[in-house]
Visitor: 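One structure, pasted below without further comment.
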Protein chains: 2
Amino acid sequence: MKKPKSVERELSAEKTEAILDGAMQEFLAHGYAATSMDKVAATAGVSKATVYSHFQDKQGLFSSLMQRLASKKELFNLQKLQAVQDNPASFLKGFASGMLDNVAADPQMITFLRIIIGESGRFPELARAFVQNIEKPVLEMLTQYFVSHPEIQVQDPEVAARVFVGTLVHFVLLRDVLHSGDIVPMERDRLLNNLVNHVIIAKTDPNKT
Amino acid sequence: MKKPKSVERELSAEKTEAILDGAMQEFLAHGYAATSMDKVAATAGVSKATVYSHFQDKQGLFSSLMQRLASKKELFNLQKLQAVQDNPASFLKGFASGMLDNVAADPQMITFLRIIIGESGRFPELARAFVQNIEKPVLEMLTQYFVSHPEIQVQDPEVAARVFVGTLVHFVLLRDVLHSGDIVPMERDRLLNNLVNHVIIAKTDPNKT
DNA sequence: GTCTATACCGCGATAGAC
DNA sequence: GTCTATCGCGGTATAGAC
């Protein structure tokens, strides 16, 4: 009775995908605690028992899913960055534009950020994976860029990278995550143009303390 | 036996305080969804029915509490800022130190940030209250400082304030909120010293695009 | 105004048929 | 390998005594 290779039975990888997809929908929509495994199973189109046969428990499913999201560098703009040969100002503006348009404009990405930060107390290893896979490469890439472009006389390349990324993250946080673009208004291009100046022109202050 | 105006009966404000205190403990410890009204009542030392007589429901209690926290400017360092007459570099370093030491070092403040951001999807008015009461005054104060100190030739004071605050918030986010101080290491004073240079020295870039 | 006791529901997780 | 059915617990919210 055992068929050579059944097409409908014995499969698992497809369901795993379906479960992860359903879980992503639910977790991103309602957060960790407010998401029920019943809804996850329903959205995935499988039974709850199947979910528990593929993943140990709710925490395991959540962690697997979020680790997976935090590793998908393609979701962010971490690949098309070394090709450009523009001048520094253009490169930095282009990088920032990509971050603001490709990442911050995606509602799912904003929700993902909310969850990573909101659950960083109870899921610290998740937060660390996010920093390791997303933030660290960005900071290192920018640092490397500042180091390898001597025409930009930056005193401390790592700090310059922090200033650049920090300003952008803070902007996204206020405007997109916290829905407060009207409370502390700031035009996108105005920030970008001036931010570049703050980063690439930073020599020693003649007024020593 | 009935006293003219009993001191132990008919009171309500004390219990309200107790409930808010208990709710703060629980919500800050477990987040919104994972907090139970039973635990809130137990921590407050009252019965669950009393909680529901003082607040409409869980959402109402949560919102009242968080709005209250977001309005407590004293919890942040928003008062002792205009007294100083130092030079700009010292003032900015002092301000940043206060933010990093008084705010970011307090675990409750970190947890509060996690909740505000994590619940900003379902409680947008809470996030907006936080920005209105905390972030906006800080940005405006720094902007005013840059404007009223002509010796700092900053091209765009509002952007400079954003760069300054954004870098600090991002630093706190990585180090304290996301537990990743070891993944992307940065010494506190090294950031502060160089950040000041990035902010107060920002003239026009000779390389126009 | 505050308590105890409870109604009612949905949760995470599992047992057993197929 | 996946399903249906169910267990036990803990959730929010309320009714009624005092």
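Note that the coordinates shown come from a computational prediction; the quantities given were computed from them, not determined experimentally. Proteins come first, then strands; the chains are lettered A, B, ... in the order of their sequence lines, and each starts at number 1.
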Visitor: Output yes when a side-chain donor or acceptor of B:His149 lies under 3.5 Å from a complementary backbone atom of B:Tyr145, and no otherwise.
Guide: yes

Visitor: Determine, stepwise, if the pair B:Glu17 / B:Arg68 fulfils salt bridge (Lys or Arg N to Asp or Glu O under 4.0 Å).
Guide: CA-CA 12 Å; B:Glu17 272 315 301; B:Arg68 175 184 249 237; 2.9 Å; yes

Visitor: Rounded to whole angstrom units, what separation is found between the OH atom of B:Tyr32 and the C1' atom of D:dG11?
Guide: 12 Å

Visitor: Is A:Thr16 touching bases, backbone alone, or none of the nucleic acid, heavy atoms closer than 4.0 Å?
Guide: nothing

Visitor: Output yes when at least one side-chain N/O atom of B:Thr50 is less than 4.0 Å from OP1 or OP2 of C:dC3, else no.
Guide: yes

Visitor: Does B:Lys48 reach the main-chain N or O of B:Val40 with its side chain, forming a donor-acceptor pair under 3.5 Å?
Guide: no

Visitor: Once you apply a heavy-atom cut-off of 4.0 Å, does A:Ser36 come out as touching a base, just sugar-phosphate, or nothing?
Guide: sugar-phosphate

Visitor: Could you tell me whether the phosphate oxygens of C:dT2, OP1 or OP2, come under 4.0 Å of any side-chain nitrogen or oxygen in B:His54?
Guide: yes

Visitor: Can you tell me the distance, in whole Å, between the CZ atom of A:Phe55 and the P atom of C:dT14?
Guide: 16 Å

Visitor: Without hydrogens or angle criteria, can the side chains of B:Thr43 and B:Glu26 be said to hold a donor-acceptor pair below 3.5 Å?
Guide: yes

Visitor: Show me the protein contacts with nucleotides 13-15 of chain D, counting only N or O atoms at under 3.5 Å.
Guide:
unit_1, atom_1, unit_2, atom_2, d
D:dA13, OP2, B:Tyr52, OH, 2.8
D:dA13, OP2, B:Lys58, N, 3.2
D:dA13, N6, B:Lys48, NZ, 2.7

Visitor: Report yes or no: does B:Arg128 contribute a side-chain atom to a donor-acceptor pair with the main-chain N or O of A:His179 at less than 3.5 Å?
Guide: yes

Visitor: A:Phe55: what forms a ring pair (Phe, Tyr, Trp, His ring centres under 6.0 Å) with it, not counting sequence neighbours?
Guide: none

Visitor: Return no unless some side-chain N or O of B:Ser12 is found under 4.0 Å from OP1 or OP2 of C:dG1.
Guide: no

